[in-house]
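A, B, ... follow the sequence lines: proteins, then strands. Residue 1 opens every chain.
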Number of protein chains: 2
Amino acid sequence: MPVYRKNMENKKQFIADSFLFTGISSSQLAELAEISHVKTYGRGEAVFFEGEEADGFYMVIEGKVKIFKLSMEGREQILHIFGRGEPFGEVAVFQGRPFPANAAVLGKGKLLFFPGPEFIRLVHGNPSIALNMLAMFSMRLRRFATQIEHLSLKEVPGRLASHLLYLSREQHNREQVTLDIPKGQLASLLGTSPETLSRIFAKMSEEGIIRLQGKVITLLDRERLEAF
Amino acid sequence: MPVYRKNMENKKQFIADSFLFTGISSSQLAELAEISHVKTYGRGEAVFFEGEEADGFYMVIEGKVKIFKLSMEGREQILHIFGRGEPFGEVAVFQGRPFPANAAVLGKGKLLFFPGPEFIRLVHGNPSIALNMLAMFSMRLRRFATQIEHLSLKEVPGRLASHLLYLSREQHNREQVTLDIPKGQLASLLGTSPETLSRIFAKMSEEGIIRLQGKVITLLDRERLEAF
DNA sequence: GAGAAAACTTGATTCAGGTCAAGGAAGGTT
DNA sequence: AACCTTCCTTGACCTGAATCAAGTTTTCTC
C-alpha cells in the first residue's frame, strides 16, 4: 500500500475517533479526511494570531496547543490548553469572525487543519455535529466560568491548589501528579508570574503540603489543599 | 377574550420574538407557551443557587438577572448580566448537571420558566434551536474570554474604560452613557470593590476624561479611554 | 558531552487595590 | 415631608503579588 494511502487511513481513523465527529456518516468522514491536511510545528511555533481571518480550524494530533491573550506590555494569559483529539478555532470559523485569541504549540506539535466553509456546511447539515459542538461549548463555558471565579475571588495559592487537585483527578486520582507543561506556562495559565508561582511552590513545600521534585508533585495534604 | 387566553397569546409572542426560538414551528411554539410559566421576583430575589439541580431554565421578560459566584468570604463576582429576551441556565439543563453559579434578579423581575426535559427533546429534534444555541454559546465564550483577559491583564481603570466604551457602543454610540445597574454591581462585574471603583471614577473625572452625574456618564475623551 | 539557551529560583523593592471605618447622598415607603 | 434603608464616597492602612535583578539549574543542540 502506497504511503499516502496509509496516511489517509490514519487520518480518517483519527477523525473518526475524535469527539467532535462522532456519529458522522462514513462518506462525510472520507470527505473530511480528503479536505483536511496535517501541519507540523516547531518548538513554540505560532498557529494563528488574534484578529486574523479564520479560514479554518485545527485539531491536535500530537503535542499541546495554548490559546492565549497578550497584554500591551507583553504579559501572557493562557485561556486554554488543548491536547490530542481536541479541536480549536471552531468558534471563530463557526461565527465567520476573526480569531479572538492567539494560538501556539507548546514544544513541538502536529495538527490537522480543516478549511472553514466545508465545516460550516457540515455543521448546518449534520445535527450530531451540532450537538457535539454544543456539548463541547458547554464544557468550555463552565471552565471559563471557574477561571473567572478563580482569577477574581481566589489568591494565587488557591488557584494553584485547585489546579493541583484538578491534575490529580485527571491523572487517575493519584497522590503523585506530573506537570505536563513548563512551570512558566502554568503561571500564565493561573494568571500570575513565574516568580510568584515559584515562591508559592516553595512555601507549600516548606509547610509540608506538597513535595516537589522537578515536574513531579506529591500531594501530601489534600485537606489543606482543599482549604485554600 | 378571557384573561388567561390573552396571557397565553402574549407569552407565545414573547417566545416567538426571542432569539433562541427563532425558526421554530408554530405548533412547537404553542407547546412551549403551554409548558412554560411566568414567575415574578421581588427586589434582588434569588432565582437559583450554584449546585442546585437544574430542573429547567429561564428567560428574562422584565428586569435584569445577574449570574454570579461567591467567594468563601462573601465577595461576589458577576459573570454575566442578562436582559429582556435572553435565556439563562440552559447550559446546565442541556448538560443535565447542577447550576454552575448563582442567579438573582437586579431590582424586580419577571421571568419565564421552561421545564428541562421538554427543552432537551426540542434541542435534539430541532436543528434550528441547536444552531441558535451554538451562536449564543459562541458569543458567550468570546465574552468570557475577554473577561478573563481583562481580569488578568488589565488593571481596574482599564476594565472600567473598556466597559464605558462598550456601553457607549450599546447605547447608540452616544457620548452620554447611562449605567443600567448600581455602581456596586458594576464593581462586582469588573472584579473590584465599590470603594476602588468609586475612587477611579473620581480620578477620571478630575482628569477630565469623563463627567459623572449620578448614573449618567459623559465620555469627554475617548482617546484616553481607549488608551487604558 | 561540551556549550548555549531556556527555564527556574531567590532576594529586594514597589504599588495597585482590598479592607476597615465612618460620613454623606439617594431613593423608596408610610 | 420625615423616616429608613440602601447606596455611594472618602480617608487611613495594609498586604498580595508584580517587577527588577542576579544567580542557578535544567534542557536542547550540535
Side-chain angles (χ1 to χ4, degrees), chain A residues 42-45 63-64 66 70-78 104-108 150-161 178-206 210 212-217 228, chain B residues 42-45 63 66 70-78 104-108 150-161 178-206 210-217 228:
Chain A
R43 288 178 66 50
E45 202 180 332
K64 293 193 168 295
K66 63 175 174 185
L70 291 176
S71 74
M72 306 261 78
E73 306 83 37
R75 274 188 57 220
E76 172 190 278
Q77 171 68 42
I78 295 179
V105 294
L106 291 176
K108 297 174 181 174
H150 289 357
L151 279 173
S152 168
L153 301 177
K154 289 199 179 198
E155 317 198 319
V156 182
R159 293 180 224 157
L160 175 57
T178 305
L179 295 182
D180 51 352
I181 55 173
K183 293 202 183 105
Q185 295 297 298
L186 177 58
S188 167
L189 181 64
L190 299 180
T192 188
S193 64
E195 293 94 325
T196 298
L197 181 62
S198 189
R199 279 182 246 276
I200 291 168
F201 264 134
K203 190 124 143 263
M204 284 184 171
S205 297
E206 267 172 40
I210 60 173
L212 190 71
Q213 299 139 322
K215 293 194 145 337
V216 177
I217 299 162
F228 272 107
Chain B
R43 291 178 63 56
E45 201 180 332
K66 64 175 174 185
L70 290 176
S71 74
M72 305 261 78
E73 306 82 37
R75 273 188 58 219
E76 172 190 277
Q77 170 67 42
I78 295 179
V105 293
L106 292 177
K108 296 175 182 174
H150 289 357
L151 279 172
S152 168
L153 302 177
K154 290 199 178 197
E155 317 198 317
V156 182
R159 293 180 224 157
L160 175 57
T178 305
L179 294 182
D180 52 353
I181 55 173
K183 294 202 182 102
Q185 295 297 298
L186 177 57
S188 167
L189 181 63
L190 298 180
T192 188
S193 63
E195 293 95 325
T196 298
L197 181 63
S198 188
R199 278 182 246 276
I200 290 169
F201 265 134
K203 189 123 145 266
M204 283 185 171
S205 296
E206 267 172 39
I210 59 173
R211 171 172 280 304
L212 191 70
Q213 298 139 321
K215 292 196 145 340
V216 177
I217 299 162
F228 272 108

Short heteroatom pairs, N/O only, protein and nucleotides 17-21 of chain C, under 3.5 Å:
from, atom 1, to, atom 2, distance (Å)
dG17(C), OP1, Val156(B), N, 3.0
dG18(C), OP2, Thr192(B), OG1, 2.6
dG18(C), OP2, Ser193(B), N, 3.2
dG18(C), OP2, Ser193(B), OG, 3.3
dG18(C), OP2, Thr196(B), OG1, 3.0
dT19(C), O4, Arg199(B), NH2, 3.0
dC20(C), N4, Glu195(B), OE2, 3.3

Given 3.5 Å as the limit, does a donor-acceptor pair link the side chain of [X] with the main chain of [Y], or not?
{"X": "Glu45(A)", "Y": "Gly42(A)", "value": "yes"}
{"X": "Thr196(B)", "Y": "Thr192(B)", "value": "no"}
{"X": "Ser152(A)", "Y": "Gly191(B)", "value": "no"}
{"X": "Ser198(B)", "Y": "Pro194(B)", "value": "no"}

Quiz prompt | Separation of Leu151(A) CG from Gln77(A) CD (nearest 0.5 Å) | solution =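 Between Gln77(A) CD and Leu151(A) CG, I get 5.5 Å after rounding to 0.5 Å.
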
Exercise. Look at the side chain of Lys183(B) and decide which nucleotide, out of dC8(D), dA7(C), dT10(C), has an atom nearest to it.
Key: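 Selected nucleotide: dC8(D).
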
Exercise. Taking only the side-chain heavy atoms of Ser198(A) (C-beta and beyond), determine which of dC8(D), dC8(C), dT9(C) contains the nearest atom.
Key: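 The closest nucleotide is dT9(C).
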
Could you check if a side-chain atom of [X] sits within less than 4.5 angstrom of a side-chain atom of [Y], using non-hydrogen atoms only?
{"X": "Ile78(A)", "Y": "Leu190(A)", "answer": "no"}
{"X": "Arg75(A)", "Y": "Leu70(A)", "answer": "no"}
{"X": "Met204(A)", "Y": "Leu160(A)", "answer": "yes"}

Self-check item: Comparing Leu197(A) and Ile181(B) on DNA chain D - which has the more 5′ nearest nucleotide
Solution: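 Closest to the 5' end, via its nearest nucleotide, is Ile181(B).
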
Protein-nucleotide distance ([X], atom [atom1]; [N], atom [atom2]), rounded to Å:
{"X": "Leu186(B)", "N": "dC7(D)", "atom1": "CG", "atom2": "P", "answer": "14 Å"}
{"X": "Phe201(A)", "N": "dA7(C)", "atom1": "CZ", "atom2": "P", "answer": "16 Å"}
{"X": "Lys203(B)", "N": "dC8(D)", "atom1": "NZ", "atom2": "P", "answer": "21 Å"}
{"X": "Gln185(B)", "N": "dC7(D)", "atom1": "CD", "atom2": "P", "answer": "8 Å"}
{"X": "Leu151(B)", "N": "dG16(D)", "atom1": "CG", "atom2": "C1'", "answer": "16 Å"}
{"X": "Leu190(B)", "N": "dA16(C)", "atom1": "CG", "atom2": "P", "answer": "18 Å"}
{"X": "Leu160(A)", "N": "dA17(D)", "atom1": "CG", "atom2": "C1'", "answer": "14 Å"}
{"X": "Leu179(A)", "N": "dC8(C)", "atom1": "CG", "atom2": "P", "answer": "9 Å"}

Self-check item: Per-nucleotide pairing state of DNA chain D [Watson-Crick or G-U, under 3.5 Å; [ ] pseudoknot-crossing; | other strand]
Solution: ||||||..||||||||||||||||||||||

Quiz item: Do Glu76(B) and Lys66(B) sit within salt-bridge range, that is, some charged N less than 4.0 Å from a carboxylate O?
Solution: yes

